Protein chains: 2
Amino acid sequence: MLTIGKLGDAAGVKVPTIRYYEQIGLLPEAERSAGNQRLYGCKALERLAFIRHARDLGFTLEAIRDLLSLSDNPDQSCAAADAIARSQLVEVESRLARLTALKSELERMVVQCAGGKIADCRVIEVLGDHSLCATDHRHPEAEARQ
Amino acid sequence: MLTIGKLGDAAGVKVPTIRYYEQIGLLPEAERSAGNQRLYGCKALERLAFIRHARDLGFTLEAIRDLLSLSDNPDQSCAAADAIARSQLVEVESRLARLTALKSELERMVVQCAGGKIADCRVIEVLGDHSLCATDHRHPEAEARQ
DNA sequence: CTTGAAGCTATAGTTGCTAGAGACATTAGA
DNA sequence: TCTAATGTCTCTAGCAACTATAGCTTCAAG
């Protein structure tokens with residue numbers, strides 16, 4: 001049996017994050033020791049590693065919740081899991097495209113900065129005037145989230 | 001003079017976002033009409049466009065605050081603005097690398113999904129076992145934030 | 001002059017955690 | 001065996017960067 005700290009170390013997840021996952025129902029309520037401390041077996045470790053890995057891959061907690069409920073019922077078709085992964089892929093591809101445009105814009109910005117005064121600074125100028133951009137890197141839903 | 005709605009349309013920023021920017025001090029307090037509605041001139045539009053553009057480029061509001069204070073004092077050296085842009089570029093490059101690894105992992109996942117039952121689903125399997133990964137797409141500070 | 005859109009304030013919710021306070025549990029060393 | 005250090009507990013609040021809701025007022029078009 002693992003304490004929460006050991007579990008966290010094993011899965012690469014911080015302790016408060018584990019408690020948070022339990023709180024939102026992503027992990028089941030853990031067994032408790034005589035002194036009320038959480039105890040975990042290896043099923044919990046697997047589940048947490050699954051979550052961690054999916055987070056690494058950019059899945060939202062909602063998507064992970066779906067994937068977990070799928071893997072809890074292994075007799076269904078895997079079309080749903082596939083769909084989730086595919087939509088994740090589409091998202092990643094669009095972010096990739098946007099980031100690439102962004103990168104070239106930033107490169108242009110730093111290359112053009114002649115090291116003079118702000119008044120001549122292309123960084124500020126480019127940011128103030130979108131029409132100076134080489135590429136269109138705008139995006140309706142800003143890519144802030146996730 | 002523009003109302004807040006027109007300003008938002010012109011700059012591509014939603015109305016509550018403009019009020020939010022004012023609230024956190026990124027935009028100065030707007031003039032008001034007789035009926036207490038905000039009114040903006042073209043300086044406000046320029047400033048908002050600057051913010052929007054910088055957000056598009058992935059700058060945090062804090063970085064934007066710095067850039068704005070730089071552009072408000074155009075007599076300094078532009079080294080500071082340049083440094084902000086450069087550090088932003090470094091960040092973007094690292095995110096780009098990570099996203100690329102991630103994308104190929106997702107591609108592998110969906111390609112390998114045979115369309116059978118969950119029990120055989122590679123999507124679920126790969127998520128449960130990191131050792132099945134082709135690349136290391138892990139990251140200490142998850143790339144969640146911006 | 002009326003009606004509907006757009007504006008106002010204020011508050012609370014979102015995602016995915018992270019940080020802090022103050023109390024209890026466990027474990028390693030003297 | 002005692003003690004000190006570390007780990008864990010609950011609870012609450014905070015972070016970015018908005019978004020949404022409620023209940024009201026103002027404005028512009030027909």
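Chain letters run A, B, ... following the sequence lines, proteins first, then strands; residues in each count from 1. Predicted model, so just to flag it, every value in this text is computed and none were measured.
Between Ile51(B) atom CD1 and dA17(D) atom C1' there is a gap of 13 Å when expressed in whole angstrom units. Rounding to whole angstrom units, CZ of residue Phe59(B) and P of dA17(D) are separated by 13 Å. Between Gln37(B) atom CD and dC8(C) atom P there is a gap of 6 Å when expressed in whole angstrom units. Spacing between atom CG of Asn36(B) and atom C1' of dT9(C) amounts to 9 Å, rounded to whole angstrom units. Between Glu91(A) atom CD and dT15(C) atom P there is a gap of 15 Å when expressed in whole angstrom units. The nearest whole Å value for the distance from the CD atom in Glu62(A) to the P atom in dG13(C) is 17 Å. Atom-to-atom, CZ of Arg55(A) to C1' of dG16(C) comes out at 6 Å; the value is rounded to the nearest Å.
Listed here is the closest heavy atom pair of Ala49(B) and Ala11(B): N-CB, 4.4 Å. Nearest heavy-atom pair across Gly12(B) and Arg52(B) is O-NH1, 2.7 Å.
In this structure, Arg38(A) does not reach the dT26(C) phosphate: none of its side-chain N or O atoms is under 4.0 Å from OP1 or OP2.
With a 4.5 Å cut-off on side-chain heavy atoms, Leu26(B) and Tyr20(B) do not count as touching. By the 4.5 Å heavy-atom criterion applied to side chains, Val13(B) and Ile51(B) are not counted as neighbours.
Not counting sequence neighbours, the partners of Val15(A) by the side chain to side chain contact (heavy atoms under 4.5 Å, CB included) test are Ile4(A), Arg19(A). For Gln23(A), there are no side chain to side chain contact (heavy atoms under 4.5 Å, CB included) partners, not counting sequence neighbours. Shown here are the side chain to side chain contact (heavy atoms under 4.5 Å, CB included) partners of Ala44(A), two or more places apart in sequence or in another chain: Tyr40(A).
A salt bridge does not link Glu46(A) to Lys43(A): none of the charged nitrogens lies less than 4.0 Å from a carboxylate oxygen.
Side-chain atoms of Lys14(A) lie closest to dT18(C) of the nucleotides dG16(C), dT18(C), dT8(D).
Identified under the salt bridge (Lys or Arg N to Asp or Glu O under 4.0 Å) test for residues 29-40 of chain A, with sequence neighbours left out: Glu22(A)-Arg38(A).
A heavy atom closer than 4.0 Å to some atom of DNA chain D occurs in Arg19(A), Arg32(A), these being the qualifying members of residues 15-35 of chain A. Proximity of residues 1-9 of chain A to DNA chain D (heavy atom under 4.0 angstrom from any strand atom) is restricted to Thr3(A), Ile4(A), Gly5(A).
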